[in-house]
Amino acid sequence: MTVTEPAGIADRGDPTTAALAVQNLELAYEVRGVPREVLRDVTFQIRPGEAFGLVGESGCGKSTTAYAALRYLPDNAVVQGGAVLANGVDILKMSTGELRDFRSSQASMVYQDPVQAMNPALKIGRQVAECYQILGQSKSEAMESAGDALRRVKIADPVRVLDRYPHQLSGGMLQRVVIAMALSGDPKLLVLDEPTTGLDATVEAEVLDLVRDLREETNAAILLIAHNLGVIRSMCDRVGVMYAGRIVEEGNAQVVFDNPEHPYTKGLLNAIPRSGVRKTDRALFTIPGNLPLIGTPLPTCVYVDRCPLADDLCRTEVPPVVPVGDGHWSRCHHIDRMAQIVEPDAQITEYDIGTDNVIQLNGVSKTFRQRGHDVPALVSVDLGFHEGETLGLVGESGSGKSTLAKTLLGIHSPDSGGTITLRGREMQSKATDRIAESTRAISMVFQNPDSALNRMWTVRRILKRTLTKLTDVQGAEADRRVEELAEAMRLSPRHLDMRPRQLSGGLKQRVAIARAFAGNPDVVVCDEPTSALDVSVQAAILNLLANLQNDERTSYLFITHDIGVVRYLADRIAVMYLGRIMEIGSTDVMFSEVNHPYTEALLSAVPSVDGEAENRIPLTGEIPSPANPPSGCVFHTRCHRVIEGLCEVTEPAMQELSPGHRIKCHLTVEQLSVPVEITEAATLATLAD
Amino acid sequence: MLRYVLRRLALSLITLLILIAVIFLLTRVFPSDPARQLAGPFGSQERVDQLNADLGLKDPMITQFGRLLRDVVTLDFGESYSQPGERVLDLIRPRLWNSAKLVLFALVLTLPISIVGGIVAARKKDTLLDRTIVNIGLASSSIPEFVSGVLLQYVIGVRLGWLPAVTNIPEGSSIITELRYLLLPALAIVFVYFGYIARITRAGTITALDADYTRTAFMKGLSTRSVVRKHVLRNSLQPTVAVTGTQIGYLFGGLVGLEVVFNYPGLGLLILNAATAPDFPLLQAGVITVAIIFMLCTLGADILIAYMNPRARMNIKES
Amino acid sequence: MSDDSDIPLEGDPTGGVAASEALETAAIPQADDVGVDASTERKQVRKERRQLLLRSPGFLFGASILIIWVLCAAVPSWFTKWGDNEVVRVDGSVIPRVGPRADAWFGTDKIGNDVFARIIYGARPVLIVAVTAAVLAVAAGTLLGLTVGYFRGWVDEIVGRIIEALLSIPVILLAIMVLTTLGRSQTVIILTIAVLFIPVVTRTVRSAVLAEAQLDYVTSAKLRGENSLFVMTREILPNVTGVAVVELTVRIGYAIFTVATLSFLGLNAGDSSAADWGRDLGKQYDTIQAGQWWAAIFPALAIALLVIGVNLVADSLDRVNKS
Amino acid sequence: SDDEPSGGGGDTSAGGTTPPATEPAGGGDTTPPPPPSSGGGVVWANQQGDANSGLDPVNMLDLGTYNVCSQSFEYLVGLGPDGNIAATALATDWSPNADGSEWTFNLRPGVKWQDGSDFTSADVAATMDRLAAAGNAGLGGVIEEGAVDASDPLVAKFTLIEANGNFPVLVSIFNAQSLIAPADYSSGTTLNERPAGTGAWILDSFDVATSTAKFNRNPNWWGGTTPLDTIELRGFADIGTAVTAMASREVDGVQQFSVIGGEGLLNDGNFTVLEPPASNHRQLWFNWQQGQFAGDEARLVRQAMAWCWDREQMLSTLFNGRGKIANDHPILDSLPFYDPDIVPQRSRDIDMAKSLLAEAGVDSVNANIESGDLQEIPQLAEIMKQNAAEAGINLTVNVQSNSTFYGDSWCPGPSESDPTLPCDNASEFGIVDYGHRPIPDIFLGSALATGGVWNSSNYANDEFDQKLSEYRTAVDVAGQKAAISRIQEIVWTDLPASYAYFYSFLSGHDSSVSGVEVTSLGHCILSGASKS
Ligand SMILES: Nc1ncnc2c1ncn2[C@@H]1O[C@H](COP(=O)(O)OP(=O)(O)OP(=O)(O)O)[C@@H](O)[C@H]1O
Ligand SMILES: Nc1ncnc2c1ncn2[C@@H]1O[C@H](COP(=O)(O)OP(=O)(O)OP(=O)(O)O)[C@@H](O)[C@H]1O
Ligand SMILES: [Mg+2]
Ligand SMILES: [Mg+2]
């Protein structure tokens, strides 16, 4: 498949001077003896000092591209054509020795999951120093350099960190270390493959700040891969949108995100809740179908099966590269028809939220005992759910969100003293002790559908069992109900006889939701139900949840890390920190009025696709261990508005700022309204012992 | 690290205690009558009664168990029943030493080739070489050691006459002579354990080679050799160390068949004879010795692993 | 290693089979809105697995060995005209201790039995004992592992300690102790081997159950009010049967190993003159040194071949299971 | 391997040809002066001793231990060049009183214990007391404690319970436990605890684990200087490995080997086979007291079985023909009092067996053959099983460990209620080994006579007992033959046990060694041995 060099690409200048120039790369993985195409004619360039982002659904070939850029490919990878030039040299043709030099001094890579990326058996110092030893430094020099390197990535106490083992450091800290190692050879090319996936938004923000600073400092070219389009927008000059191993659109990041010129890009962008859109405004855009499997022959437009604009032309002819100006191009036959892709209308305009609390938690605490000491994971939580309401629960990792959910569900039994009532009647603390009515009333949607569904059961069995167990419906009636339920979840009857393994992630999550609704529950707890899913799938699931709620008048406890999602779906939002609710209020209020300093920091940490760049309030240091929380206000150690002498002594009470909007803070509304001054002072990552 | 070792030791002691209880129960339900055994078929009933009293065989179980524990602590198991006048410990000591010689020799032979074999197989994963190593290993480790012992004995010892076919080592022979005698049984052990250890090493190495930290190391620009040496081995050999640790323990007592074939006076044969005699003190002491050795070996292996992998030190709770 | 890793702790050379293999990323086609029938889908997977097995030379070789031995065990008379307790007579006279020759392919043993016939007849006892023992052990171990892995707590703690204690003694020593204690009947031998294998099986199944019990579908079942029995047997059990089946094949291999060793040491039951590889080897290996290798070497090879066959099959099953 | 029944002492006239009474016994110089010392040492493959008894001469029961102990200790009466008893040991001559109830042994003067003290009749008296107390199979019922008058240090005068014409054999090398130990040597003391014999070799070390004993020359031995400096008896648990060691010349000699597995040695040109006269046999006992083979009623069944045995096959398969066919009684045909005509030789006759069974009204017999795991016995059992199968007799072979076999199947112990049943609850059918005796007294007295200590048949027949007593007290061959002839007939007909063959005892050494004498009880007399 030869493609004429598109004008838009030719614009970008000489590939021999580019920091990285991937040219017509064709790559396949051999699976069971058959080479299966993964990358199709991938072409892009990154100039020195430029940051290039690569986005696309999971499995579209982003990582493969990244690895190809450094020629670190699995044994079964077959390069079927093309070249990868770094400063004009084809790295695919390098000798092993040259490749080693290239990797040690010219290019580096940082990837997801820093914990796995470090050798668990060696001290940090040794691993960092090794990078310098390769460059020819002596052992002691290298150790010196290692200390400097850690200082460079803003680690506060490098000497101590050098003496640690990886498992003794937090993920954020480790990612800094990995970045430090990547920078050791002053590389001209830095490949970052989802460097912040799996990190908290606050930590992510810090790491991204760091990368941004370092980029300025080193002038390295960057290839950044991320699922989070906001991250790409805030970090990258240009972006390439990849689908099924092919780049379908490329251009200036802001331009592409503001004016996508490919149906796929547009679909991706519309699928994420953005610009403060709420469920009452409109449903989310969904991309039907799935990414084709690798090796699927795609002779025409790769996106044709899922494209709303697809017509016969798309099915017969390879779309050309269409430049739309300023290095922005798209591979689409129908750029002119982009406007036909419109955002969906509001399906539900009126949400009917009751006033009575279906479930009420009063002074619920949960203390774990671990290695002899107490870990108070929940501290005196008061919370109520109205009928048909979505309560969003946010907070950093480890703040106690899941514990709260599990306590509510009766998986953990709370400390004595607190009560959980269902429609005014107190429930037993353990699920197994609860009466059938309570069991039916609360159900759960889990984060990972793979784990949540029994692999050996068919969908039908999963649903039917839950149905018959929780309700009086039995026999043929149950079968009928199961089919109805499936239909309501937009599962086809065919799916009912499949096992989870045969379903895609999105379908699995639908089954999980169907199960959660089988008993006609009053409250459904959703613990990050979409974080394992691609945005296109996430949108469908969120729509589904919203519709179901409207139909069934169910309350949701919706736990998420994604502020955009919570803003879209939640009616009220509660913010947790160290097992305490720090702030709670209706969504509108939360995003329009003053917030608790912690909320303030959390919200500012989120990079937005819409580019409304705000001042980020750094959340320094690590979250303290719940085992020994700070005195006074538990947040005072990281608070940017801390009042010396008060906050570290006295624990603030909940104060009501406006009806239904409460915060746990000493500060007044006036004090909170003063904008914070962001000092340019480096935010150092400290080692919390 | 010290805390880790102490905790690990405490766990071993608990396990040992349970084991002693199991052994005690097993030997106490023997249907035969030790005192009668000792007195001989023509011994008088008075003598039998006397022995019962002397040995405390009619005491309450708990008292007897307490005595056994005391014996373990003081390492004094009293006199053998089947060889009156011999201290059990004196019977065990030379056997222990013999077993140790054979086991160590076999390990010295096995470990290098199987570890290298495993690493090579992992590096050349899915090639002909890999499959050859894996399949040879699978086949050879399938064969019970006394079977391979018999085969080796016939081919090398009898047919070719290269090595002594039985291990009646003349006393006072030099180390070299002794090793010559031990070579055949040791080879039989190599046969069994080559495949076993090579497979474990291979699996460990493949896991380590696929690990992200290995990728990190490659990306640093390290050569394959240094990556393997500095990053892979330390992690990939942990299962090998663990398995070797447990296997040493087994080799000390589990080679009964091999010891019979080669007429080698090791612990296994001693225990077999003690069981058929039956000679409780010797049997108990023999099995407990094997257990203690097993504990020590796994303890050693765990400490080594904890040294190799600091994370392992945290995991003790899970065991 | 002190954690529940899958490292086999006993002298079980076949335990390596379970050692982690790098997972092959085999994309199982997922149906979404693409019209694929569910049952053809499953058949497809099964067919692919079967093909994978049939293409593996190790499996083919192992399976052929097994089939032959099973046939020998079932109908020995198809393979030899001599009985297992019938001396070969040439022109009316016995010919003990002669090497392989036309009228006795594998030679004759000390009293003139046809070694070939003894090999053919010897397949039955070892297979019966080993397979029965392994099946019992895996059944019991699976139940026990399921229970302790699911309930955890102090029972688990205690069972875990006992298992660890039992695993610190070579199986063969424990078997010797038990058999000399309880006498040796076929039943006692089968039960002994079964009981001695329970700890390993329990440990394997337990760690599989631990992994399963952490999964959310278990939580989900508890949340809808299922009792423990249901969760264990209906929810978790089907998900650990794969592990149990592989464990069964591995255990059969090791049971053969153990049965042969016990017979070799003379610790087996029944008529001592019946054909039995381990015992025949034990009775005849002393003649090797007089150059009469056949009466010992052939039973030795038979044992080796059978265990190799079982292990090749176990290994291939494990591999296919994982891919 | 245990050899329990063979442990008992023999009786009377060696080889049967020697008149029981006095023997010409040269004063103190019967031993020829040894050849000039060639020095060096030999290593002998010895059966690993039974650890149960240790090196206790009084309680030992196996050939391995006999051989070790008899290197240091000596018997009152020794081995002659013709394989019979002779005054080659501690007694220089002996004589009975008129009715044979008192025996006077003159002791060799100048014999010293290895610790330097003098050997006297007190030592003999003490040893005999120990043997009597321990219930020695040979001397039981013959002497009691205090039987020896030791008033003269060089004369031991025995008073017997009843007259016994063959008494010297009972205190000879053919009663293996009758080794003379020091007076203050209590029962249970073992040689390695207190190495003090009178013999040619001083125990240097004994390794319990391998049952290996090393000896140095006794420089003060009354017999002179041994040609060799040292000897080592190396323990082998298993004859097969001993044969291998011999074949590869890791040892110089082998105490005992069997035909099966020993063909290599038998065909080895550089190996000297020693085959001392032997009445070794296997007793195939039936329990006369209980079970399906008990009593007169089952006589025909027992006979049917005896007609099944293919004795030729047994001898040729198991011993390459090295032995003699037996005729269901334990009397060796070379004995002077053997009666060749009294009963016909049984040989395999299936028709006969079947008709006997039919006559007995039995259509099928199912039984166990109990046996220890000793030498050819398991194979013998298999042949018996196969032989019997054709007559419709289903035998199941049950091979056990020797200790289990002797303890549970052969002779589980005396009946509490009936002292005439010393082996109460013995199995109904089994094979037990009997080692060589120069005369059949033990085979008859201990194994078949009422109340005999090894009477696993629990056989009780007054006439038999009567005839045995007549044989014992008989003073001439004619008298002995009269009694024995009837005994042959009784045993052949009653079949409390079947006897299929007598086999040769095989021992030997490398041809470079010479001057070795052996007995069928496993003694390897190395005092005269030298190695070129
Ligand atoms: N070694 C391999 N062998 C076979 N297939 C592979 C291999 N590695 C990756 N794949 C497949 O190739 C496709 C592209 O993988 P890649 O990791 O490049 O995707 P990605 O865009 O990075 O996805 P994600 O966002 O999930 O990281 C996927 O379908 C993946 O399953
Ligand atoms: N079973 C447990 N035993 C001991 N401590 C626990 C347990 N479960 C949770 N914790 C602790 O309680 C605190 C809160 O954990 P929780 O899982 O509720 O956080 P979370 O907010 O859900 O975090 P994430 O966003 O990562 O899911 C953490 O410090 C955690 O370590
Ligand atoms: Mg990726
Ligand atoms: Mg959580």
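Bear in mind that the values here come from a model prediction, so they are computed numbers and not experimental data.
- Both the backbone and the side chain of Ile169(C) come within contact range of chain B, with heavy atoms under 4.5 Å apart.
- Of the listed residues (Val241(B), Leu209(B), Leu304(B), Val147(B)), the greatest number of heavy-atom pairs within a distance under 4.5 Å of chain C belongs to Val147(B).
- What you find for Ile308(C) and Ala139(B) is that their closest heavy atoms are CG1-O, 3.5 Å.
- If you measure heavy-atom distances from Arg131(B) to chain C, you find no contacts under 4.5 Å at all.
- Looking at Leu265(C), only its side chain comes within 4.5 Å of chain B, counting heavy atoms on both sides.
- Note that CH2 of Trp293(C) is 15.0 Å distant from CD of Gln153(B), once rounded to the nearest 0.5 Å.
- With a threshold of 4.5 angstrom between heavy atoms, Val261(B) approaches chain C through its backbone and through its side chain.
- Between Phe264(C) and Val260(B) the shortest side-chain heavy-atom distance falls below 4.5 Å.
- Note that CD1 of Ile293(B) is 12.0 Å distant from OG of Ser168(C), once rounded to the nearest 0.5 Å.
- For CZ of Phe191(B), the number of neighbouring non-hydrogen atoms (other residues, nucleotides, ligands) closer than 6.0 Å is 12 at most.
- We find the CD1-CZ distance between Ile18(B) and Arg161(C) to be 7.0 Å, quoted to the nearest 0.5 Å.
- By the 4.5 Å heavy-atom criterion applied to side chains, Leu173(C) and Leu272(B) are not counted as neighbours.
- With chain B as partner, the option from Ala260(C), Gly278(C), Ala296(C) having the largest number of non-hydrogen pairs under 4.5 angstrom is Ala260(C).
- With respect to chain B, the highest number of heavy-atom pairs below 4.5 Å among Gly309(C), Pro170(C), Gly160(C) belongs to Pro170(C).
- Closest of all the heavy-atom pairs between Ile172(C) and Gly254(B) is CG2-O, 3.7 Å.
- To the nearest 0.5 Å, atoms OG (Ser142(B)) and CG (Leu312(C)) are separated by 6.5 Å.
- The structure places CZ of Arg199(B) at 4.5 Å from CG of Asp315(C), a figure rounded to the nearest 0.5 Å.
- Heavy atoms of Ile162(C) lying under 4.5 Å from chain B belong to its backbone as well as its side chain.
- Side-chain contact check for Tyr154(B) versus Gln292(C): every heavy-atom pair is 4.5 Å or farther apart.
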Under 3.5 Å, which donor-acceptor pairs link side chains of residues 57-65 of chain C to any protein atom two or more places apart or in another chain?
unit_1   : atom_1 : unit_2   : atom_2 : d
Ser64(C) : OG     : Leu60(C) : O      : 2.4

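- Applying the side-chain hydrogen bond (donor to acceptor under 3.5 Å, both in side chains) test to residues at least two apart or on different chains, none of the pairs has a partner in residues 251-261 of chain B.
- Across all non-hydrogen atoms, the minimal contact from Ala275(B) to Ile176(C) is CB-CG2, 3.5 Å.
- Residue Glu164(C) is tested with Leu19(B), Thr15(B), Leu16(B) for a side-chain contact (heavy atoms from CB on, under 4.5 Å); the sole match is Thr15(B).
- Taking every heavy atom of both residues into account, Leu167(C) and Phe294(B) meet most closely at O-CZ, 3.8 Å.
- Contact tally against chain C (heavy-atom pairs below 4.5 Å) for Ile197(B), Val287(B), Ile271(B), Asn135(B): the top residue is Val287(B).
- Across Ile143(B), Ile23(B), Val22(B), the residue that shares the most heavy-atom pairs under 4.5 angstrom with chain C is Ile143(B).
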